Structures are given as C-alpha cells and as structure tokens.
Amino acid sequence: MRFRMVITLVIVLISFIIGLLFYPRMPEKMASHWNIRDEVDGYISRFWGILLMPLISLGLFFLSLIIPIIDPLRENIKKFLKYFDLFIIFLFIFLFYLYLLTLLWNLGARFPMSKMLIPGFSLLFFYCGVLVENAKRNWFIGIRTPWTLSNEFVWDKTHKIGGKLFKIAGIFTLFGLLFPFYAFYFVIIPILFVTFFTIVYSYFIYQKLGEAKS
C-alpha cells in the first residue's frame with residue numbers, strides 16, 4: 001500500500017473517531033455554512049453534521065484509488081503519480097481541517113471562518129499549480145477541455161501556463177488575510193479567472209495549431 005493510501009485512510013478513520021467522540025456534545029442542529037460576512041446561514045442535523053465530511057472523505061479515498069486504474073490513459077498518470085499522491089494528501093488534510101473548524105464552532109468557539117480557511121485554500125491552490133504543471137494527458141486529472149484532450153501539444157502548453165496561474169492564485173489568496181471582509185473574493189475570483197483563461201487559451205492554441213498545419 002502506497003504512502004498516500006495509508007495517510008489518507010488514517011485521516012478518514014480519525015475523522016470518524018473524533019466525530020463519534022464529540023457526537024453527544026453537538027447541538028441538534030449544527031452550523032454547516034457561513035456567508036461572506038462569516039455569519040452562519042445554514043444548518044444541518046447532528047447526524048449528518050458529524051458524519052457527512054468523514055463519508056465524503058471516504059468516498060474520495062476510494063475515488064482516488066479508482067481513477068489511476070480506470071483511466072484509458074493510466075500509463076500517463078503513472079508518470080506524475082507522485083504529484084497526484086501529494087495533492088490527495090493535501091486535499092484530505094484540508095477537508096479534515098475544515099471538519100475540525102466546524103466541530104469547534106458548534107462546540108462554542110467563535111472565529112472568522114473565512115480567515116481561518118484562507119491559508120488552506122492558498123496551499124491547495126498553489127499545489128494545484130504544481131500538479132497541473134506536471135500532469136500528463138489523461139481523462140480525469142488536470143485542465144480537461146475538448147482541445148487539451150484532443151492534442152498532446154495543446155495539453156502541455158495549457159498546463160504549463162495553467163500551473164503558473166494556479167500558483168499565482170494561491171499566493172493572491174493570502175491577501176484575504178489582510179482584507180478579511182473581502183476574503184471570499186480573494187478565493188473565488190482568482191480561481192474563476194484561471195478556469196476561464198485556461199479554457200479560452202486551450203481553444204486558441206488548438207485553433208492556431210490547426211492553422212499552422214493547413
């Protein structure tokens with residue numbers, strides 16, 4: 001069993017254990033969603049508040065095992081598997097961190113939720129950049145547009161610039177710590193920009209390649 005599998009499975013098991021230990025201390029209705037002003041605007045039953053995140057993590061655990069096996073281009077995934085493994089570990093740590101913050105809030109602790117999440121989002125976005133820069137063409141991981149999936153050159157060009165943009169987005173997200181009232185925007189706007197830009201960029205590179213061949 002690979003190191004990533006052990007780490008992520010341990011995180012899932014710890015999530016279930018912590019949830020069961022704190023279950024009796026949780027309110028019947030648990031806070032589960034915060035708006036951009038860090039006000040609670042969504043609640044969930046205690047049962048799902050405790051079990052939903054561990055169950056999501058468990059589902060992601062099995063999905064992360066299946067993807068490298070069922071992908072028709074799985075040989076390409078093997079070429080960057082170490083980067084994928086580390087990304088999965090970071091993702092599980094982030095989800096576990098979010099789960100702990102939610103439990104602490106429902107135990108009575110009060111803190112600006114968005115500000116607490118900024119470092120986690122920043123690290124996750126930055127490492128997305130590392131993963132994207134090293135990803136080889138496949139059907140599940142990376143910037144998957146019709147044009148990147150259709151051409152190796154377009155895939156490589158798009159992922160090189162996409163990786164750099166994800167890293168910049170990760171750094172830019174940290175400014176949310178300085179402007180906590182606008183923290184949400186420092187998270188969502190960079191990612192929307194990277195997503196839109198890479199889709200459009202892959203299209204134009206593909207079109208340019210077609211023109212060069214004609």
Side-chain angles (χ1 to χ4, degrees), residues 3-19 22 26 30-42 44 48-61 63-64 82-135 141-143 162-195:
F3 178 73
R4 183 257 296 180
M5 298 178 190
V6 175
I7 294 297
T8 52
L9 187 56
V10 167
I11 292 173
V12 171
L13 292 175
I14 291 175
S15 298
F16 276 108
I17 292 170
I18 289 176
F22 283 95
M26 291 295 120
M30 292 178 58
S32 60
H33 190 271
W34 289 256
N35 60 29
I36 61 175
R37 294 182 295 277
D38 285 322
E39 300 167 342
V40 178
D41 63 355
I44 195 171
W48 287 112
I50 288 294
L51 289 180
L52 185 59
M53 186 63 77
L55 287 173
I56 289 173
S57 297
L58 184 61
L60 288 174
F61 171 77
L63 184 62
S64 70
K82 63 180 181 180
Y83 298 102
F84 176 66
D85 284 350
L86 194 52
F87 172 76
I88 293 298
I89 291 173
F90 283 147
L91 176 61
F92 273 64
I93 291 173
F94 175 77
L95 292 177
F96 182 65
Y97 176 60
L98 174 58
Y99 184 55
L100 291 180
L101 289 178
T102 303
L103 294 181
L104 287 171
W105 181 281
N106 284 282
L107 285 171
R110 292 296 177 263
F111 43 81
M113 183 63 79
S114 59
K115 194 172 183 179
M116 296 294 286
L117 289 174
I118 286 293
F121 277 120
S122 176
L123 177 61
L124 205 56
F125 293 162
F126 189 89
Y127 194 76
C128 272
V130 176
L131 174 62
V132 164
E133 280 183 332
N134 290 278
I141 307 161
I143 304 167
K164 291 179 174 60
L165 290 175
F166 269 112
K167 290 178 179 179
I168 293 172
I171 295 170
F172 188 77
T173 298
L174 289 174
F175 283 96
L177 295 173
L178 302 177
F179 307 97
F181 188 78
Y182 301 100
F184 172 80
Y185 301 105
F186 281 99
V187 173
I188 196 69
I189 291 176
I191 291 305
L192 288 177
F193 171 78
V194 174
T195 302

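Reckoned from all heavy atoms, side chains included, excluding hydrogens, waters and symmetry mates. Predicted, not measured: the structure shown is a model, and the values here were computed from it.
- For the pair Leu104 and Phe111, the minimum side-chain heavy-atom distance is below 4.5 Å.
- Contact between Phe181 and Arg37 at its shortest, heavy atoms only, is CE1-CG, 4.3 Å.
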Audit row: Thr8, Arg4, side chain to side chain contact (heavy atoms under 4.5 Å, CB included) steps and yes/no: CA-CA 6 Å; Thr8 52; Arg4 183 257 296 180; 4.3 Å; yes

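- The OG atom of Ser64 sits 11.0 Å away from the CZ atom of Phe87 when rounded to the nearest 0.5 Å.
- Atom CG of Leu9 sits about 11.0 Å away from atom OG of Ser57, to the nearest 0.5 Å.
- Here CD1 of Ile171 is found 9.5 Å from OG1 of Thr173. Values are rounded to the nearest 0.5 Å.
- Every residue meeting the side-chain contact (heavy atoms from CB on, under 4.5 Å) condition with Leu103, not counting sequence neighbours, appears here in chain and number order: Ile18, Met26, Met30, Ile50, Tyr99.
- To the nearest 0.5 angstrom, Leu131 atom CG is 9.5 Å from Phe166 atom CZ.
- The two residues Gly162 and Val194 make their nearest non-hydrogen contact at O-CG1, 4.5 Å.
- Legend: residues meeting side-chain contact (heavy atoms from CB on, under 4.5 Å) with Val40, ordered by chain and number and at least two apart, are Ala31, Trp34, Tyr43, Trp105.
- Residues Ser15 and Phe96 approach most closely at OG-CD1, 3.2 Å, considering heavy atoms.
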What pairs of donor and acceptor atoms, side-chain ones from residues 116-129 against any protein atom, are under 3.5 angstrom apart with sequence neighbours left out?
| from | atom 1 | to | atom 2 | distance (Å) |
| --- | --- | --- | --- | --- |
| Ser122 | OG | Gly170 | O | 2.5 |
| Tyr127 | OH | Tyr83 | O | 3.1 |

Show your reasoning for whether side chain to side chain contact (heavy atoms under 4.5 Å, CB included) applies to Phe3 and Asp85. CA-CA 8 Å; Phe3 178 73; Asp85 284 350; over 6 Å; no

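- Expressed to the nearest 0.5 Å, how far CZ of Phe84 lies from CD1 of Ile89 amounts to 11.0 Å.
- Considering CG of Leu95 and CD1 of Ile11, their distance stands at 9.0 Å, rounded to 0.5 Å.
- Taking every heavy atom of both residues into account, Met113 and Thr102 meet most closely at CE-N, 4.5 Å.
- Taking every heavy atom of both residues into account, Pro180 and Lys115 meet most closely at CB-CD, 4.3 Å.
- Counting heavy atoms from C-beta on, the side chains of Phe184 and Asn35 never come closer than 4.5 Å.
- Closest of all the heavy-atom pairs between Ala169 and Pro190 is CB-CB, 3.7 Å.
- Residue-environment remark: OH (Tyr185) stays at or below the threshold of 12 foreign heavy atoms within 6.0 Å.
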Begin from the C-alpha positions of Phe92 and Ile7 and carry the test side chain to side chain contact (heavy atoms under 4.5 Å, CB included) through to its verdict. CA-CA 9 Å; Phe92 273 64; Ile7 294 297; over 6 Å; no

For a side chain to side chain contact (heavy atoms under 4.5 Å, CB included) check, start with the C-alpha distance between Leu178 and Phe175, then their side-chain angles and the critical distance, and finish with the verdict. CA-CA 5 Å; Leu178 302 177; Phe175 283 96; 4.0 Å; yes

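- With a 6.0 Å radius and a threshold of 12 heavy atoms from other residues, nucleotides or ligands, Phe94 has its CZ atom above the threshold.
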